[in-house]
Amino acid sequence: MVAAQLAELRLGGRFCGPAASANGGYTCGAIAELLGGEVEVTLRRPPPLDRPLRLRVGDAGATVRDGYELVAEAHPATVALAVPGTAALAEARRAAGRYPLFQGHPFPTCFTCGPDRGAGDGLRIFPGPLAGGDLWAAPWTPDPSVADQDGLVESAVVWAALDCPSGFAAGVGDTIMVLGRMAARVLARPRADTSYCLVAWRTGPAAGRKQPAGSALLDACGGVLAVARTLWVTIPRPEPAP
């Protein structure tokens with residue numbers, strides 16, 4: 001982790017998950033960027049948008065607070081998940097046609113998987129189940145707006161891309177779940193305007209309201225660019241807006 005004791009984190013409104021809070025994967029990735037190493041981030045409450053949050057680094061890890069409210073905690077971690085399978089882009093595109101939440105999405109403006117986000121705004125990653133197995137897959141062509149001047153996608157956006165596919169593998173679509181914990185390892189950042197594939201899978205049985213899952217970002221040849229482990233938590237279905 002970085003030597004600095006304090007830093008400021010601000011999560012822009014573009015990067016929402018639910019309409020009033022930040023996308024969980026993007027939040028975890030933004031924290032990891034500030035800490036400068038492989039970490040596991042646990043979200044303690046919905047991360048607020050468009051206001052400064054205080055990140056403090058201590059001997060036991062790091063915390064992110066909104067005023068006095070604890071938003072997230074982070075600790076050093078190693079991610080060494082084995083990817084159980086791959087998918088060709090054509091397979092991923094077919095799987096995306098089976099995305100279960102084109103209609104009835106509880107968070108339709110989610111930065112990663114919201115169907116109400118336009119091209120060039122949200123990531124528009126729509127995972128669907130692959131035929132004949134437990135793997136989920138989605139194609140992704142990153143927009144230049146999420147890349148740096150060299151055309152490489154920002155690390156926090158890579159975390160966001162890994163986030164929601166693992167949620168669908170965990171059971172999103174059958175029930176309402178939110179990200180509770182995430183750790184990721186980015187081996188190589190993807191390039192804008194290039195086609196990639198995301199795959200996701202369950203990594204173990206559910207424990208009460210919690211379901212572990214994994215996800216990976218693959219290049220066109222099936223090479224692993226990034227991998228993540230996640231823990232998803234079932235929540236009550238949101239009440240419709242008045």
Side-chain angles (χ1 to χ4, degrees), residues 1-11 15 17 21-48 52-84 111-112 146 148 152-167 169-170 177-190 198-205 207 209-218 223-233:
M1 291 190 176
V2 294
Q5 294 300 302
L6 289 172
E8 182 179 291
L9 173 66
R10 185 183 291 267
L11 304 166
F15 305 109
S21 60
N23 173 273
Y26 182 85
T27 301
C28 295
I31 293 169
E33 279 189 325
L34 285 174
L35 296 175
E38 284 188 43
V39 297
E40 183 173 71
V41 180
T42 300
L43 299 173
R44 297 301 185 188
R45 64 180 58 248
L53 306 176
R54 186 177 76 256
L55 183 146
R56 179 181 292 274
V57 182
D59 293 338
T63 58
V64 176
R65 295 182 182 275
D66 177 24
Y68 293 103
E69 299 284 348
L70 180 63
V71 174
E73 297 174 292
H75 302 277
T78 299
V79 181
L81 285 181
V83 179
F111 174 64
T112 302
V146 296
D148 62 19
L152 297 176
V153 175
E154 298 169 11
S155 180
V157 173
V158 177
W159 282 60
L162 291 164
D163 170 15
C164 294
S166 72
M177 307 177 85
V178 293
L179 182 68
R181 182 175 296 145
M182 184 173 187
R185 184 180 185 191
V186 180
L187 303 169
R189 289 189 290 155
L198 290 142
V199 292
W201 60 95
R202 292 190 181 199
T203 58
R209 296 169 51 225
K210 299 176 181 179
Q211 172 67 57
S215 58
L217 174 66
L218 312 176
V224 178
L225 301 183
V227 64
R229 67 169 182 258
T230 57
L231 186 69
W232 289 79
V233 182

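A quick note: this is a predicted structure, and the numbers were derived from the prediction, not measured.
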query: Can you name the ring-ring contact (aromatic ring centres under 6.0 Å, His included) partners of Y26, sequence neighbours left out?
result: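 For Y26, the residues satisfying ring-ring contact (aromatic ring centres under 6.0 Å, His included) (neighbours in sequence not counted) are F15.
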Just checking, any donor-acceptor pair under 3.5 angstrom between side chains of [X] and [Y]?
{"X": "S215", "Y": "S166", "answer": "no"}
{"X": "T112", "Y": "D163", "answer": "no"}
{"X": "W232", "Y": "T230", "answer": "yes"}

query = With no hydrogens and no angle check, is any side-chain donor or acceptor of R56 less than 3.5 Å from a backbone partner on L6?
reply =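 Checking the backbone N and O of L6 against the side chain of R56, no donor-acceptor pair under 3.5 Å is found.
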Looking at every heavy atom in both [X] and [Y], which two are closest together, and how far apart are they?
{"X": "M182", "Y": "C28", "answer": "CB-SG, 4.0 Å"}
{"X": "P212", "Y": "L231", "answer": "N-CD1, 3.8 Å"}
{"X": "P48", "Y": "L11", "answer": "O-CD1, 3.8 Å"}
{"X": "V233", "Y": "G180", "answer": "CG2-CA, 4.3 Å"}
{"X": "E8", "Y": "P52", "answer": "CD-CB, 3.4 Å"}
{"X": "W159", "Y": "A32", "answer": "CZ2-CB, 3.5 Å"}

* Determine, stepwise, if the pair L55 / L35 fulfils side-chain contact (heavy atoms from CB on, under 4.5 Å). => CA-CA 9 Å; L55 183 146; L35 296 175; 3.9 Å; yes
Any side-chain heavy-atom pair of [X] and [Y] under 4.5 Å:
{"X": "P190", "Y": "V158", "result": "yes"}
{"X": "I31", "Y": "V64", "result": "yes"}
{"X": "L162", "Y": "L217", "result": "yes"}
{"X": "V224", "Y": "L218", "result": "yes"}
{"X": "V83", "Y": "V199", "result": "yes"}

- Excluding sequence neighbours, so at least two apart, what forms side chain to side chain donor-acceptor pair (under 3.5 Å) with E154?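 Expected list: none.
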Pairs of donor and acceptor atoms involving the side chains of residues 36-47, under 3.5 Å and at least two apart or interchain, shall be tabulated with distances.
unit_1, atom_1, unit_2, atom_2, d
E38, OE1, V79, N, 3.3
E38, OE2, R185, NE, 3.4
E40, OE2, R229, NE, 3.2
E40, OE2, R229, NH2, 3.4
T42, OG1, R181, NE, 2.9
R44, NE, E73, OE1, 2.7
R44, NH2, E73, OE1, 2.8
R45, NE, L70, O, 3.0
R45, NH2, E69, OE1, 2.9

- Identify whether the distance between the nearest side-chain nitrogen and carboxylate oxygen of D66 and R54 falls below 4.0 Å.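 No.
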